[in-house]
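What follows is a set of notes on a single structure, which appears directly below.
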Protein chains: 2
Amino acid sequence: MTSVEGSKYMLKKRITLKDIARETGVHVSTVSRALDPVECKHLTEEVANRIQSAAKTLGYRPNRIAAGLRTNRTMTVGVIIPDITNVIFPPILRGIESVLEPLGYASIIVNTDSDPEREERLIDVLRDRGVDGVIHAAVLRNDPAIAKAADDGLPVVTLNRKVDGSPIPSIVNDDDSGICQMLRHLRDLGHTRIAHISGPQDLSTGQLRLAAFRRAADDMNVAVNDELIEVASRFDEAEGARCLLNLLAKGKPFTAVLCANDRLALGAIEALRERSIGCPGQISVTGFNDMPFLNLVQPQLTTVRIQQFGAGKAAAGVLLQLLNGDSSAPRETILPVELVVRNSTGSAPEIPASVLPKPNDPAGAIQQ
Amino acid sequence: MTSVEGSKYMLKKRITLKDIARETGVHVSTVSRALDPVECKHLTEEVANRIQSAAKTLGYRPNRIAAGLRTNRTMTVGVIIPDITNVIFPPILRGIESVLEPLGYASIIVNTDSDPEREERLIDVLRDRGVDGVIHAAVLRNDPAIAKAADDGLPVVTLNRKVDGSPIPSIVNDDDSGICQMLRHLRDLGHTRIAHISGPQDLSTGQLRLAAFRRAADDMNVAVNDELIEVASRFDEAEGARCLLNLLAKGKPFTAVLCANDRLALGAIEALRERSIGCPGQISVTGFNDMPFLNLVQPQLTTVRIQQFGAGKAAAGVLLQLLNGDSSAPRETILPVELVVRNSTGSAPEIPASVLPKPNDPAGAIQQ
DNA sequence: GATATTTAAGCAATCGATTGCATGAATTTG
DNA sequence: CAAATTCATGCAATCGATTGCTTAAATATC
């Protein structure tokens with residue numbers, strides 16, 4: 001026994017094609033063919049069987065690194081997301097996996113933290129590793145790095161956002177329809193003064209949903225008052241609360257707040273609770289996304305359910321088409337969304353809460 | 001222009017060492033050395049600089065696949081988890097990434113869904129891809145597949161559980177101390193009749209925390225009544241609710257329920273709310289893990305905060321030691337936990353709720 | 001100043017699988 | 001039955017980087 005064999009982490013020798021060739025007395029190329037489901041049809045059945053059973057008994061496992069070097073296909077895709085700890089991404093990843101894993105693909109997931117420099121570096125990391133394609137679920141409205149990679153010929157699919165003026169296929173949820181359905185729901189409950197807490201405008205969903213809100217309100221003849229639109233600087237609870245307090249401070253009456261996502265809505269509800277303003281009694285609040293655990297918080301949030309798993313599946317499907325050189329891959333896939341009515345929305349009250357006297361302002365706000 | 005060049009997804013030709021060699025008039029091996037921070041010291045400074053700048057201007061990016069084939073190191077690690085959509089895993093992954101990514105490692109994450117067959121297959125997938133090591137955060141108490149892989153010489157670190165009688169290094173949170181601190185907290189509030197909703201006994205955390213509960217109760221002279229222990233068959237809200245109702249149905253008095261994780265606790269609280277039993281007024285409830293968004297549900301859950309990011313970091317650190325052949329890697333790392341007191345726990349009431357008349361049982365339960 | 005030593009750079013094998021082409025045997029065809 | 005065709009298999013180059021060994025030049029030593 002040599003000292004090397006005694007090393008603690010000495011991997012057991014892997015079986016290679018060469019080993020099988022030696023064992024069966026044929027050439028490695030014949031072994032390679034015998035183990036390829038297509039090529040093996042060109043071999044004598046007896047030889048193919050002999051090789052296959054030898055491979056099995058020896059415990060052969062193909063070395064994908066070696067195959068990848070030769071074929072220039074690694075059977076690996078890169079998945080770029082802002083942050084895996086954001087609850088909307090894990091289901092997307094499972095959706096991607098559900099399509100690609102059965103076909104022998106693995107994915108390398110990287111988190112950009114929405115930092116363009118980091119993203120650029122990570123794209124290089126993925127390319128160094130020879131990924132066959134990339135699914136890009138970042139959120140910034142423009143990112144030159146991925147467009148450049150696509151330009152270089154790397155197959156790319158974007159998820160939840162489009163890159164303007166680029167031929168990169170995209171998968172998006174129908175935000176437009178979701179906002180529209182939600183606004184209709186509120187109007188049907190009698191609300192006419194509807195505020196909006198929008199997401200950051202440098203994020204595609206932030207911008208898209210604000211634009212959708214304006215458009216939907218216009219279509220439905222709901223008056224949009226710019227004073228009733230607050231723009232959050234992050235998609236989180238603290239910003240939701242801050243924006244809601246800003247809305248109240250303006251003294252403009254409103255009976256409902258349509259928020260650009262669930263976390264903003266949860267923050268808004270929290271702020272209402274602290275001010276002892278009833279939800280949905282005095283002000284209705286709505287979210288967007290239908291994130292997990294929403295059923296646990298009171299009041300349960302009325303929201304728009306978007307497809308996460310489904311979006312991942314769709315993105316993987318389109319990427320596969322690109323990988324197979326199928327030029328009929330759709331440029332844009334729009335997934336339907338679903339209104340989920342729970343109990344954070346109710347009929348509009350006669351008198352908007354925002355004009356009632358506030359606890360710390362006995363004179364009350366002046367209604368314009 | 002040939003037809004091949006016209007193909008839609010023709011990758012731009014990659015720059016290789018050979019290209020740089022041709023450009024600079026040296027041999028590829030010299031180029032290879034010039035670009036290796038250690039080896040380049042053996043070269044004339046002038047030559048090294050010339051090659052390095054040529055590499056930069058040509059936009060050279062090393063092909064890790066080729067390097068991996070030759071060196072048998074892919075700079076890739078496998079991470080095996082039950083399910084990425086379980087909120088405790090994403091922070092662990094970020095913790096792993098925080099250590100490995102700066103060193104040039106990438107990770108391939110696979111979800112087992114706690115299915116041993118799937119796990120076995122996925123371990124093979126990782127090995128086929130030549131991962132340098134594996135971090136195994138599965139939850140089943142015994143899994144032969146990973147032990148076998150470790151036996152074959154693959155560097156493995158387990159996270160959140162130990163494999164009995166195996167030399168595989170493990171990272172665990174101090175469940176024992178967490179349960180103990182929690183029990184002390186309840187006792188300090190005056191609780192003496194404390195129920196336990198345990199997790200599934202085929203999962204390591206389920207078993208560990210139940211054992212810890214018995215031991216802690218023993219140490220603290222809190223009487224443990226087996227009738228006040230319910231074993232959930234899954235770690236979810238529905239099971240938490242079911243177990244709590246079972247406890248109530250037994251008619252044994254108790255004023256607090258220590259649950260083996262947050263989701264069981266949330267389910268228990270939900271069940272109490274439906275029965276109009278006050279929490280913490282009549283029954284205190286505690287969780288374990290401190291998952292995200294707990295601050296949004298009322299009452300806010302008293303729980304034990306475990307390190308997730310930290311556990312990932314620690315696991316990656318130990319794996320690195322293994323990869324570098326450092327034999328001083330700790331066999332076991334136990335991370336400290338922290339009691340987080342919120343408002344689902346309060347002083348023990350005089351009369352346990354479980355012996356008060358139930359709404360649907362006016363006669364009341366008989367106290368034994 | 002001749003030999004020994006250090007140093008820089010080139011040579012070529014190697015990792016394991018794939019694949020176009022060559023070869024020789026078996027089969028078909030005229 | 002000879003020529004043509006088909007077919008199964010072998011041969012060898014290839015993918016791109018790494019690395020032990022060799023060579024040749026430069027420097028040091030006696």
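Here the structure is a predicted model, which means the values were calculated and not measured. Chain naming here is simple, since letters A, B, ... match the order of the sequence lines and numbering starts at 1 in each.
Side-chain nitrogen and oxygen atoms of B:T44 include none within less than 4.0 Å of the OP1 or OP2 phosphate oxygen of C:dA8. Remark: A:T30 is not in phosphate contact with D:dA8, judged by side-chain N or O atoms under 4.0 Å from OP1 or OP2. In terms of phosphate contacts, A:H27 brings no side-chain nitrogen or oxygen within less than 4.0 Å of OP1 or OP2 of D:dT9. Remark: A:S32 is in phosphate contact with C:dT18, judged by side-chain N or O atoms under 4.0 Å from OP1 or OP2.
Distances from the side chain of B:A66 to the nucleotides C:dC11, D:dG16, C:dT19 place D:dG16 closest. With C:dG16, D:dC21, C:dT19 as the choices, the nucleotide that has an atom nearest any side-chain atom of B:R33 turns out to be D:dC21. In this structure, of D:dG10, D:dG16, C:dG10, it is C:dG10 that holds the atom nearest to the side chain of B:V26. Here the nucleotide nearest the side chain of B:S29, chosen from C:dT19, D:dA17, C:dC11, is C:dC11.
Following rounding to the nearest Å, B:D36 (CG) and C:dA9 (C1') show an atom-to-atom distance of 15 Å. Between B:L69 atom CG and C:dA13 atom P the separation is 17 Å, expressed in whole Å. Taking atom CG of A:L43 as the reference point, atom C1' of C:dT19 lies 13 Å away to the nearest angstrom. Spacing between atom CZ of B:R73 and atom C1' of D:dA17 amounts to 16 Å, rounded to whole angstrom units. Here the P atom of nucleotide D:dA8 and the NZ atom of A:K41 are 13 Å apart, to the nearest Å. In this structure, CG of A:L17 is placed 15 Å from P of D:dC11, rounded to the nearest angstrom. Following rounding to the nearest Å, B:I15 (CD1) and D:dC15 (P) show an atom-to-atom distance of 15 Å. One atom, NE2 of B:H42, and another, P of D:dC21, lie 16 Å apart when rounded to the nearest Å.
The residue among A:E45 and A:V28 whose nearest nucleotide of DNA chain D is located toward the 5' end is A:E45.
For B:R64 against D:dG16, no side-chain N or O and base N or O form a donor-acceptor pair under 3.5 Å. With hydrogens and angles left out, the side chain of B:R61 and the base of D:dG16 share no donor-acceptor pair within 3.5 Å. With hydrogens and angles left out, the side chain of B:R70 and the base of D:dG20 share no donor-acceptor pair within 3.5 Å.
A salt bridge links A:R127 and A:D152; the closest N-O separation between the charged side-chain nitrogens and carboxylate oxygens is under 4.0 Å. Under the 4.0 Å criterion applied to side-chain N and carboxylate O atoms, B:E23 and B:R50 are not assigned as salt-bridge partners.
Side-chain polar atoms of A:R331 and A:S170 form no donor-acceptor pair below 3.5 angstrom. A donor-acceptor pair shorter than 3.5 Å can be found between the side chains of B:R129 and A:T76.
Among the atoms of the strands shown, none is found under 4.0 Å from any heavy atom of A:V31.
The local environment of CD in A:Q52 is crowded, with over 12 non-hydrogen atoms from other residues, nucleotides or ligands closer than 6.0 Å. The environment of B:E45 atom CD is sparse: at most 12 non-hydrogen atoms of other residues, nucleotides or ligands sit within 6.0 angstrom.
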